[in-house]
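Please read the structure below before turning to the comments.
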Amino acid sequence: MPAIAASAALKRFRILDLSRVRAGPTCVKQFADFGADVIKIESPPGVDPNEAMGGPRHGPDMQNLHRNKRAMTLNLKLPEARDVLVRLVKTADVLVENYRPDVKFRLGIDYESLKKINERIVLASISGFGQDGPYRDRPGFDQIAQGMSGLMSVTGLPGQGPVRTGAAIADMAAGLFAALGVMTALLERESSGRGQWVQSSLLQSGIALLDFQAARYLMKGEVPPQVGNDHPTSMPTSAYKTADGYINVAASGEGMWKRLCNLIGREDLLAMDEFKSNEARAKHRARLNAILNESFPARSSEEWVRELNRAGVPCGPIYTMDRVFADPQVEHLGAAAEVEHPKLGRFKVLGQAAKLSRTPAAVKTATPELGQHTDEILRELDYSDADIARLRKQGVV
């Protein structure tokens with residue numbers, strides 16, 4: 001049984017987490033929230049010049065991304081750490097890392113090296129641009145990948161120039177695709193008995209998120225432009241100003257379009273040739289949005305959302321972050337989860353978005369302090385107290 005049982009779903013698995021910043025921890029968080037025994041392995045203080053890349057340990061990013069884990073220190077740069085690593089790998093199902101592609105070979109955590117220790121191990125490697133190819137050794141960051149994947153070219157208002165999405169979407173997607181790959185590898189292992197190397201990159205994950213825009217280009221050669229808040233092909237689907245804010249309306253089908261016109265008292269729009277079909281409305285989107293923006297300021301966002309939903313027209317308010325977590329449906333979904341930290345007290349982090357009916361995820365513990373469980377884990381690996389004292393004296397842990 002793992003020391004932290006957030007859920008019964010994945011309690012039989014042990015994950016070695018050598019990841020940092022966002023993409024790797026996003027992958028590992030999926031396993032930690034569903035009960036895997038996650039061991040976060042970090043360098044002892046002062047060893048890693050990039051140790052602060054994930055932000056302050058007591059800051060929101062670290063506390064949100066590394067909950068439900070145990071933590072130990074291990075200086076993989078020292079040859080004396082090899083025995084500890086070997087013992088850990090023998091007990092593990094998965095190792096997750098997002099170093100530059102060449103680093104894993106220097107540290108001895110490349111797949112071929114790990115496979116010699118444990119044939120069942122799954123290695124997950126997350127990189128900026130992939131594990132090989134001409135950009136293999138480039139440092140990768142979310143915004144760089146957003147630009148190169150095409151995401152920034154379709155984000156923003158027409159003619160505005162490239163705009164990054166407000167979230168670290170390439171990082172998040174790379175982590176989630178890696179988690180999906182790891183789960184697939186673990187399922188395949190049940191029949192083959194062997195692990196394998198799972199890879200994801202920020203670049204390809206960003207491209208994958210473009211989905212239909214990318215598919216339209218690949219199939220028809222269409223280069224999608226910026227369309228702002230408008231849907232690229234289905235109108236009216238956009239953001240509209242109300243008496244006290246903004247709402248999103250998605251009345252793309254003919255039935256929804258008719259109900260929208262009836263609700264705002266503009267049945268005359270139904271007879272206009274420029275709005276007769278979805279294709280026509282998309283073509284004349286500027287004129288259509290100007291007309292709709294004459295009607296929506298007549299009521300508050302709350303009134304419009306109520307009336308539009310009653311009429312069967314998809315819509316919703318556009319919230320700032322404080323209003324997101326005050327929404328009753330968001331509260332009902334459990335989008336925020338409370339944890340207790342010995343130094344920070346009680347605070348909230350993001351809940352797990354995937355829901356399971358019988359073995360749900362949970363947030364049981366806050367992010368551990370650096371090396372908090374080192375001795376505990378070493379004892380599980382059959383190191384004596386004298387051995388642990390020696391490892392500390394050598395700077396291995």
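For this chain, numbers begin at 1 and follow the sequence in order.
- Inspection of the E303 and S300 side chains reveals an N or O donor paired with an N or O acceptor under 3.5 Å.
- Considering CD of E380 and OG1 of T91, their distance stands at 8.5 Å, rounded to 0.5 Å.
- Within 6.0 Å of OH in Y135 there are 12 or fewer heavy atoms belonging to other residues, nucleotides or ligands.
- Across all non-hydrogen atoms, the minimal contact from I15 to A36 is CG1-CB, 3.9 Å.
- Distance check: S205 OG to F177 CZ gives 5.5 Å after rounding to the nearest 0.5 Å.
- Taking 4.0 Å as the cut-off between side-chain N and carboxylate O, D61 and R22 count as a salt-bridged pair.
- To the nearest 0.5 Å, atoms CG (L269) and SG (C261) are separated by 4.5 Å.
- A side-chain donor-acceptor contact under 3.5 Å links S7 to the backbone of T359.
- Applying the salt bridge (charged side-chain N to carboxylate O under 4.0 Å, His left out) test to residues at least two apart or on different chains, the pairs with a partner in residues 222-250 are R216-E222, D230-R285.
- Checked against S19 for a side-chain contact (heavy atoms from CB on, under 4.5 Å), the options L65, V28, I126 give a single hit: V28.
- Dense packing is recorded around CD of Q30, with more than 12 heavy atoms of other residues, nucleotides or ligands lying under 6.0 Å away.
- The distance from the CG atom of N248 to the OG1 atom of T237 is 9.0 Å, given to the nearest 0.5 Å.
- Under the 3.5 Å distance criterion, the side-chain polar atoms of N262 are left unmatched by any main-chain donor or acceptor of R259.
- Legend: residues meeting salt bridge (charged side-chain N to carboxylate O under 4.0 Å, His left out) with E254, ordered by chain and number and at least two apart, are R281.
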For this session: Please lay out, stage by stage, how R14 and D93 fare under the test salt bridge (Lys or Arg N to Asp or Glu O under 4.0 Å).
Result: CA-CA 5 Å; R14 170 171 283 184; D93 298 281; over 6 Å; no
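- The shortest non-hydrogen separation linking L157 to Q226 is O-OE1, 3.2 Å.
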Report all side-chain donor-acceptor pairs from residues 313-324 shorter than 3.5 Å, counting only partners two or more places apart or in another chain.
residue	atom	partner	partner atom	Å
Y319	OH	D327	OD2	2.5
T320	OG1	D322	OD1	2.4

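- In terms of the side chain to side chain contact (heavy atoms under 4.5 Å, CB included) criterion, residue partners of K90 (sequence neighbours excluded) are, by chain and number, V86, I117.
- Crowding of R306 atom CZ: a count of heavy atoms from other residues, nucleotides or ligands under 6.0 Å exceeding 12.
- Across every non-hydrogen atom of I109 and L123, the tightest pair is O-CD2, 3.7 Å.
- Under the 3.5 Å distance criterion, the side-chain polar atoms of R136 are matched with a main-chain donor or acceptor of Q131.
- Ion pairing between a basic and an acidic side chain is recognised when a charged N comes within 4.0 Å of a carboxylate O; R67 and D33 show such pairing.
- Both V89 and M72 are members of a single hydrophobic cluster when ILVMFWY side chains are connected at heavy-atom separations under 4.5 Å.
- Grouping the Ile, Leu, Val, Met, Phe, Trp and Tyr side chains by contacts below 4.5 angstrom, directly or via other members, places L186 apart from L180.
- A salt bridge is defined here as a Lys NZ or Arg NE, NH1 or NH2 lying under 4.0 Å from an Asp or Glu carboxylate O, and D17 with K69 meets this definition.
- Judged by distance alone, the side chain of N64 and the main-chain N or O of P60 form no donor-acceptor pair under 3.5 Å.
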Do any side-chain atoms of residues 162-170 form donor-acceptor pairs under 3.5 angstrom with protein atoms, and if so which ones, sequence neighbours left out?
residue	atom	partner	partner atom	Å
R164	NE	Q143	OE1	3.2
T165	OG1	Q146	OE1	3.1
T165	OG1	Q146	NE2	3.1
T165	OG1	A167	O	3.0

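- At distances below 3.5 Å, not a single donor-acceptor pair connects side-chain atoms of S234 with backbone N or O atoms of H231.
- The cationic group of R266 does not satisfy the cation-pi geometry with F275, failing either the under 6.0 Å distance to the six-membered ring centre or the 45° limit from the ring axis.
- The aromatic rings of Y111 and W197 sit parallel, their planes meeting at an angle under 30°, below the 60° perpendicular limit.
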Problem set entry | Verdict with supporting geometry, R379 and D385, salt bridge (Lys or Arg N to Asp or Glu O under 4.0 Å) | CA-CA 8 Å; R379 290 189 185 101; D385 287 348; 3.0 Å; yes
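- By the neighbour-count criterion of 12 heavy atoms within 6.0 Å, atom CD of E307 is densely surrounded, having more than that number from other residues, nucleotides or ligands.
- Residues passing the salt bridge (charged side-chain N to carboxylate O under 4.0 Å, His left out) test with E267: none are found, sequence neighbours excluded.
- For residues 324-348, every residue pair satisfying the ring pair (Phe, Tyr, Trp, His ring centres under 6.0 Å) rule, not counting sequence neighbours, is listed here: H58-H341.
- In this structure, K220 has no salt bridge (charged side-chain N to carboxylate O under 4.0 Å, His left out) partners at least two apart in sequence or on a different chain.
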All N/O donor-acceptor pairs, side-chain side in residues 389-397, below 3.5 Å, sequence neighbours left out:
residue	atom	partner	partner atom	Å
R392	NE	D375	OD1	3.4
R392	NH2	D375	OD1	2.7

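- Applying the salt bridge (charged side-chain N to carboxylate O under 4.0 Å, His left out) criterion to E80, with sequence neighbours excluded, gives no partner residue.
- For E97, the side-chain hydrogen bond (donor to acceptor under 3.5 Å, both in side chains) partners at least two apart in sequence or on another chain are K104, S125.
- Distance alone, capped at 3.5 Å, places no donor-acceptor pair between the R70 side chain and the P368 backbone.
- Not counting sequence neighbours, the partners of Y240 by the ring pair (Phe, Tyr, Trp, His ring centres under 6.0 Å) test are F296.
- To the nearest 0.5 Å, atom CD1 of residue I388 and atom OH of residue Y383 are 9.5 Å apart.
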